[in-house]
Amino acid sequence: RARFTGLRNALLRRRTLAAVPEGQPFFFFPLQYEPETSLETQSRGWWNQREVIRWISQSLPIDRWLYVKEHPLMLSGIRPAGFYRTILSLPRVRLLDQRLRGDDVSRRAEAVLTITGTAGWEGLMWGRPVALFGHAFYEEFEEGVVRVERPDELPRMLRSFRDREVPEEPLLAYIAAVLARTPEGIFIEPRTYPDAAGVVLGERNLDAIADVILQRWHGVGASQPVTAAGIAEGT
């Protein structure tokens, strides 16, 4: 597969957009990295990204487009070529160049549609509403996040996003509440983000993570069985 990666990339880029067209209202669906724990365990059954894109395409208002962009860390050749061919064959769906900055696309989108991705949080930061299919840490922000329960909800939901903006005051209040309840410490994979490895593996950061684990551990009742879910919930 690796032998054909260069040729496949060249052919794919001939059919992708190198920039977001001006003056065209659109929704943004950023693809998530696969395999990924959050997609497999937090998607609420919406784990098949290709089918989710198909449902969105069938639900688009007649004057709206859907722009899809590959995850920046997704290595070439991992997804089968048929995955991209299906996306490119859908009506009013365009594939963006993987090298485009996702936050620049979110800023110009009418709304961000995601399964469990942090791209939804980026969209909120730009005042864009979010259609969330699975679970994410920002899902409780009702002023900007709409939970998708069934495919037949999508047409009405997408129409409701016309010229809608997330109110700034409730968003700032939500951010303040999240920061107030967020423990200190950075918990990311240093092999994936080598530039941050020094901070992540630093003594201060490791101590902060250990403190969180100990706090949850001490919250476990002596008469209760110790489980991962119990430690995470502090019960």
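Keep in mind that what you see is a predicted model, and the values were worked out from it rather than measured.
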Nearest heavy-atom approach of Glu153 to Arg147 is OE1-O, 4.0 Å
Counting the benzene-type ring for Trp, do Phe28 and Tyr67 have ring centres under 6.0 Å apart? no
Please enumerate all residues that pass salt bridge (Lys or Arg N to Asp or Glu O under 4.0 Å) together with Glu203, with sequence neighbours excluded. none
To the nearest 0.5 Å, how far apart are CZ in Arg85 and CG in Leu95? 13.0 Å
Is Tyr138 reachable from Met125 through a run of hydrophobic residues whose side-chain heavy atoms are each under 4.5 Å from the next? yes
Is the backbone N or O of Arg191 less than 3.5 Å from a side-chain atom of Glu189, with the two atoms forming a donor-acceptor pair by type? yes
For residues Gln49 and Glu34, determine if any side-chain heavy atom of one lies less than 4.5 Å from a side-chain heavy atom of the other. yes
Please determine whether the number of non-hydrogen atoms from other residues, nucleotides or ligands lying under 6.0 Å from atom OH of Tyr193 exceeds 12. no
Interatomic distance, CG@Leu113 vs CG@Leu154, rounded to 0.5 Å, equals 8.0 Å
Could you walk me through whether Glu22 and Arg108 pass the salt bridge (Lys or Arg N to Asp or Glu O under 4.0 Å) test, one step at a time? CA-CA 9 Å; Glu22 295 288 344; Arg108 300 176 59 181; 3.2 Å; yes
Please state whether the rings of Tyr174 and Trp121 are parallel, tilted or perpendicular, taking 30° and 60° as the class boundaries. tilted
Atom CD of residue position Glu149 - does it have more than 12 heavy atoms of other residues, nucleotides or ligands inside 6.0 Å? yes
Search all heavy atoms of Gly134 against all heavy atoms of Thr116 and return the closest pair with its distance. CA-CG2, 4.2 Å
Do side-chain atoms of Gln98 reach the backbone of Met74 as a donor and acceptor pair under 3.5 angstrom? yes
Heavy-atom distance under 4.5 Å between the side chains of Thr16 and Leu96, does that happen here? no
In short, Val166 meets Gly144 closest at the heavy-atom pair CG2-CA, 4.0 Å
Examine Ile56 and Leu88 and state if one hydrophobic cluster contains both, with Ile, Leu, Val, Met, Phe, Trp and Tyr joined whenever side-chain heavy atoms are less than 4.5 Å apart. yes
In terms of heavy-atom contacts, Ser57 and Pro91 come closest through OG-O, 3.0 Å
Heavy atoms only: give me the nearest Tyr33-Leu73 pair and the separation to one decimal. CE1-O, 3.3 Å
N/O donor-acceptor pair under 3.5 Å between Lys69 side chain and Asp97 backbone: no
Distance from Gln32 atom CD to Thr118 atom OG1, nearest 0.5 Å? 8.0 Å
Short side-chain to backbone donor-acceptor contact, Glu143 and Pro167, under 3.5 Å: no
Under a 3.5 Å distance rule, please check whether Ser43 uses its side chain to pair with a backbone N or O of Glu40 as donor and acceptor. no
Would Leu60 and Ile87 show up in the same hydrophobic cluster when neighbours are defined by side-chain heavy atoms closer than 4.5 Å? yes
Less than 4.5 Å apart, any side-chain heavy atom of Trp65 and any of Phe27? no
Check whether Thr114 reaches the backbone of Gly117 with its side chain - one donor and one acceptor, N or O, closer than 3.5 Å. yes
Using a 4.5 Å cut-off on heavy atoms from C-beta on, say whether the side chain of Val148 contacts that of Met157. yes
Could you check Arg92 against Asp63 for salt bridge (Lys or Arg N to Asp or Glu O under 4.0 Å), going step by step and ending with a plain yes or no? CA-CA 9 Å; Arg92 283 177 290 132; Asp63 57 349; over 6 Å; no
Side chains of Pro129 and Val146, heavy atoms from C-beta outward: is any pair under 4.5 Å? no
Arg128 side chain to Glu165 backbone, donor-acceptor under 3.5 Å: no
Test salt bridge (Lys or Arg N to Asp or Glu O under 4.0 Å) applied to Glu70 and Arg79, step by step: CA-CA 10 Å; Glu70 182 58 277; Arg79 300 192 203 273; 2.7 Å; yes
Using side-chain heavy atoms (C-beta onward) and a distance below 4.5 Å, is Ile115 in contact with Gln42? no
Glu142 atom CD: more than 12 heavy-atom contacts under 6.0 Å: no
When rounded to the nearest 0.5 angstrom, what is the spacing between CZ in Arg50 and CG in Leu31? 11.0 Å
When hydrophobic residues are tied together by side-chain contacts of less than 4.5 Å, even through go-betweens, does Val145 share a cluster with Leu179? yes
Kindly compute the distance separating OG (Ser106) from CZ (Arg101), expressed to the nearest 0.5 Å. 10.5 Å
Is there a side-chain contact between Trp55 and Trp46 in this structure, where contact means two heavy atoms from C-beta onward sitting under 4.5 Å apart? yes
Any donor-acceptor pair under 3.5 Å linking the side chain of Asn205 with the backbone of Ile186? yes
Is it true that a side-chain atom of Thr182 and a backbone atom of Val178 form a donor plus acceptor pair closer than 3.5 Å? yes
Audit row: Asp104, Leu100, side-chain contact (heavy atoms from CB on, under 4.5 Å) steps and yes/no: CA-CA 8 Å; Asp104 288 341; Leu100 288 175; over 6 Å; no
ILVMFWY network linking Val130 to Phe141, side-chain heavy atoms under 4.5 angstrom: yes
Please give me the minimum heavy-atom distance between Leu124 and Leu171, naming the atom from each residue. O-CD2, 3.1 Å
Is it the case that Arg107 places NZ or CZ above or below the six-membered ring of Trp126, under 6.0 angstrom from the centre and within 45 degrees of the axis? yes
Contact check, side chains of Val112 and Phe29, non-hydrogen atoms, under 4.5 Å: no
Looking at Glu110 and Arg164, does any basic side-chain N land under 4.0 Å from a carboxylate oxygen? no
